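Scroll down for the structure; my scribbles are underneath it.
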2 protein chains.
Amino acid sequence: MDDAVGGERPKIRRNTSATRAATRKANEDAILKAAETVFAEAGFGGATMQLIADMAGLPKANLHYYFATKEELYRKVVERIFKIWLKAANAMDDAAGPAEGIGAYIDAKMEISRKYPNGSKVWASEVMHGAPVIQDYLETTLREWTEGRCAVIRRWIAEGKMAPVDPAHLLYMLWATTQHYADFGHQIETLNGGPLSNADWAAAKTSVKAIILRGIGVPPPN
Amino acid sequence: MDDAVGGERPKIRRNTSATRAATRKANEDAILKAAETVFAEAGFGGATMQLIADMAGLPKANLHYYFATKEELYRKVVERIFKIWLKAANAMDDAAGPAEGIGAYIDAKMEISRKYPNGSKVWASEVMHGAPVIQDYLETTLREWTEGRCAVIRRWIAEGKMAPVDPAHLLYMLWATTQHYADFGHQIETLNGGPLSNADWAAAKTSVKAIILRGIGVPPPN
DNA sequence: TCTTTTTCTGACCGTATGGTCAGGTTCAGG
DNA sequence: CCTGAACCTGACCATACGGTCAGAAAAAGA
């Protein structure tokens with residue numbers, strides 16, 4: 001009977017038998033995931049803590065328990081993306097030549113665009129607005145990585161393994177083309193008349209690799 | 001004497017001997033220009049009418065005289081960009097073949113990225129957030145334009161003037177690569193150690209054209 | 001069981017923002 | 001010179017937002 005009274009709230013137990021640490025991690029992950037979505041869809045300025053809280057299924061005040069400020073939460077989201085992004089960079093390492101190395105890098109970045117489109121959008125938004133949060137990453141980690149890859153490409157060119165192209169502009173083209181499928185995914189879907197199928201994604205990968213590899217004088221492995 | 005009193009304001013005459021229409025146009029242009037900059041730098045949500053007003057040198061209330069709401073102002077900014085963007089599309093028309101047509105299109109789009117980086121950023125931001133304002137453009141004008149160009153490319157392929165590549169993905173690559181120099185200009189400048197010089201821009205154009213034209217099986221005119 | 005620490009949250013606050021409006025100013029047309 | 005329309009703006013308002021906090025609730029430790 002007393003259960004039937006309207007005012008009684010169910011008192012949902014969010015984490016029944018988990019340790020402190022596990023609960024914390026679960027909540028932080030839920031918040032970060034929700035934040036990534038909201039930041040991607042609305043931008044930093046358009047995102048609200050309330051919306052993120054609702055999407056994560058937590059009261060707003062709880063967000064501020066885990067992340068002191070909106071900026072801190074945003075920073076964590078961006079850093080998370082940057083790490084994923086850097087991992088893909090390894091695809092280019094230890095490759096015998098451009099066909100293998102650049103081909104694998106394109107594949108890896110296309111996969112990321114497909115799997116983490118929101119992350120890519122947040123990154124794009126951050127850079128477009130002058131990288132107020134990750135400027136130091138650009139100047140240190142990214143710069144070093146870029147210079148290292150440019151050196152590799154230059155070596156490949158010197159060894160006659162590919163056509164002599166400007167390494168930096170080649171990298172920009174790789175980034176632009178692969179990330180376009182995430183950042184401009186909405187436009188592509190509109191023109192495509194719906195979400196990309198598995199076959200569509202495969203065709204995209206093949207097309208990108210075909211043009212770029214041929215473009216740098218390397219026969220596409222097909 | 002009375003002039004010397006501190007309280008006297010200079011009463012700057014903003015438009016001395018202009019017609020009503022000219023004044024209106026000048027003010028609207030100033031507002032649109034300021035708005036483009038602010039929207040590009042801060043996104044829609046992060047932009048404030050006060051900031052736009054300050055940058056345009058007008059009181060905030062005056063903005064609302066010319067543009068009823070923030071949304072309306074934003075819409076005008078986006079539409080303006082879309083028109084510029086479409087104009088460049090003509091560079092691809094009436095070309096004898098892909099070398100000429102696509103080469104000219106790349107040149108035109110690179111010029112736009114250099115000249116209107118803010119416009120490109122606003123466009124990118126709009127699309128990334130699901131195109132809430134220009135969805136209809138995507139579905140009508142852009143779609144028609146895209147299908148027209150795809151047909152042209154297919155014809156070129158059928159005529160043996162270029163390698164058989166997926167036309168849509170080629171277009172995406174063209175958009176991505178050229179717009180990257182505007183949207184990710186900050187990242188490029190950071191890696192470059194400063195703004196791109198004339199020579200840098202020329203190198204960028206040359207690199208992009210070289211890779212893509214060779215990539216579609218067309219000898220670069222260079 | 002009692003105490004301490006961590007976790008959680010409703011209610012609240014100051015500020016900044018988009019937008020309004022009454023009243024003033026300027027201008028074109030007569 | 002007069003008048004009505006167009007133009008301009010300081011002051012104001014309601015709202016929504018990021019952030020705070022006191023204190024409840026739960027878990028861990030003793």
Side-chain angles (χ1 to χ4, degrees), chain A residues 7-32 34-35 38-39 41-78 132-133, chain B residues 7-32 34-35 37-39 41-77 132-133:
Chain A
E8 235 14 66
R9 221 104 59 83
K11 277 282 175 192
I12 294 167
R13 177 133 327 288
R14 231 180 290 279
N15 299 287
T16 39
S17 61
T19 68
R20 285 273 164 100
T23 304
R24 172 172 277 273
K25 181 152 193 336
N27 281 343
E28 286 179 350
D29 281 353
I31 294 169
L32 283 171
V38 174
F39 283 135
E41 284 176 0
F44 179 81
T48 73
M49 295 297 271
Q50 187 63 61
L51 206 65
I52 296 171
D54 291 348
M55 189 166 289
L58 294 168
K60 193 186 73 168
N62 208 344
L63 262 65
H64 284 100
Y65 176 72
Y66 288 109
F67 303 93
T69 66
K70 189 184 180 187
E71 275 83 1
E72 186 188 318
L73 176 54
Y74 175 74
R75 177 182 288 270
K76 288 281 160 59
V77 169
V78 174
V133 164
Chain B
E8 231 22 61
R9 222 104 59 82
K11 277 282 176 195
I12 294 166
R13 177 132 331 288
R14 231 179 293 276
N15 298 288
T16 38
S17 60
T19 67
R20 284 274 164 99
T23 302
R24 171 173 277 272
K25 181 151 193 338
N27 281 344
E28 286 180 348
D29 281 354
I31 294 169
L32 284 170
T37 303
V38 174
F39 282 135
E41 285 176 0
F44 179 81
T48 72
M49 296 296 272
Q50 187 63 62
L51 206 64
I52 296 171
D54 291 348
M55 189 167 290
L58 294 168
K60 194 186 71 168
N62 208 343
L63 261 65
H64 284 99
Y65 175 74
Y66 288 110
F67 304 92
T69 66
K70 190 184 178 185
E71 275 82 3
E72 185 187 319
L73 175 56
Y74 175 74
R75 178 184 287 270
K76 289 281 160 58
V77 169
V133 165

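For clarity, every value in this text was computed on a predicted model and none was experimentally measured. Just the heavy atoms: all of them, side chains too, but no hydrogens, waters or symmetry mates, feed the values below. Convention: sequence-line order gives letters A, B, ...; per-chain numbering from 1.
- A:Asn62 contributes atom CG, which lies 11.0 Å from atom NE2 of A:His64 (distance to the nearest 0.5 angstrom).
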Tabulate protein N/O versus nucleotide N/O from nucleotides 4-7 of chain C, keeping only pairs under 3.5 Å, one per line.
{"from": "C:dT6", "atom 1": "O4'", "to": "A:Arg20", "atom 2": "NH1", "distance (Å)": "3.3"}
{"from": "C:dT7", "atom 1": "OP1", "to": "A:Arg24", "atom 2": "NE", "distance (Å)": "3.4"}
{"from": "C:dT7", "atom 1": "OP2", "to": "A:Arg24", "atom 2": "NH2", "distance (Å)": "2.9"}
{"from": "C:dT7", "atom 1": "OP2", "to": "A:Tyr65", "atom 2": "OH", "distance (Å)": "2.5"}
{"from": "C:dT7", "atom 1": "O5'", "to": "A:Tyr65", "atom 2": "OH", "distance (Å)": "3.2"}

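- Ring geometry for A:Phe44 against A:Phe39 counts as parallel: the plane angle stays under 30°, on a 0 to 90° scale with 60° as the upper cut.
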* Can you list the steps and then say if A:Leu32 with A:Leu73 is a side-chain contact (heavy atoms from CB on, under 4.5 Å)? -> CA-CA 7 Å; A:Leu32 283 171; A:Leu73 176 54; 3.9 Å; yes
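- For the atom pair A:Phe67 CZ and A:Ile52 CD1, the distance stands at 10.0 Å (nearest 0.5 Å).
- Contact annotation: the side chain of A:Asp29 approaches that of A:Lys25 to within less than 4.5 Å [non-hydrogen atoms, C-beta and beyond].
- For the side-chain contact (heavy atoms from CB on, under 4.5 Å) test with A:Leu63, the passing option among A:Ile31, A:Thr69, A:Asn27 is A:Ile31; the others fail.
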* To do: Could you summarise the pairing of DNA chain D as dot-bracket text, marking Watson-Crick and G-U pairs under 3.5 Å with ( ) or [ ] inside the strand and | across strands?
  => ||||||||||||||||||||||||||||||
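- For residues 46-75 of chain B, the set of pairs meeting the salt bridge (Lys or Arg N to Asp or Glu O under 4.0 Å) definition, not counting sequence neighbours, comprises B:Glu72-B:Lys76.
- Rounded to an integer number of Å, the gap from A:Leu51 CG to D:dA16 P is 14 Å.
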Got a list of protein N/O to nucleotides 17-21 of chain C N/O distances below 3.5 Å?
{"from": "C:dG18", "atom 1": "OP1", "to": "B:Ala47", "atom 2": "O", "distance (Å)": "3.1"}
{"from": "C:dG18", "atom 1": "OP1", "to": "B:Lys70", "atom 2": "NZ", "distance (Å)": "3.1"}
{"from": "C:dG18", "atom 1": "OP2", "to": "B:Met49", "atom 2": "N", "distance (Å)": "2.9"}
{"from": "C:dG18", "atom 1": "N7", "to": "B:Lys60", "atom 2": "NZ", "distance (Å)": "3.0"}
{"from": "C:dG19", "atom 1": "OP2", "to": "B:Lys70", "atom 2": "N", "distance (Å)": "2.7"}
{"from": "C:dG19", "atom 1": "N7", "to": "B:Lys60", "atom 2": "NZ", "distance (Å)": "3.1"}
{"from": "C:dG19", "atom 1": "O6", "to": "B:Lys60", "atom 2": "NZ", "distance (Å)": "2.8"}

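- Take A:Tyr66 and apply the ring pair (Phe, Tyr, Trp, His ring centres under 6.0 Å) test, not counting sequence neighbours, and it matches no residue.
- Taking both residues in full, the closest heavy atoms of B:Pro59 and B:Ala53 are given as C-CB, 4.1 Å, listed atom of the first, atom of the second, then distance.
- Partners of A:Glu28 by side-chain hydrogen bond (donor to acceptor under 3.5 Å, both in side chains), not counting sequence neighbours, listed by chain and number: A:Arg24.
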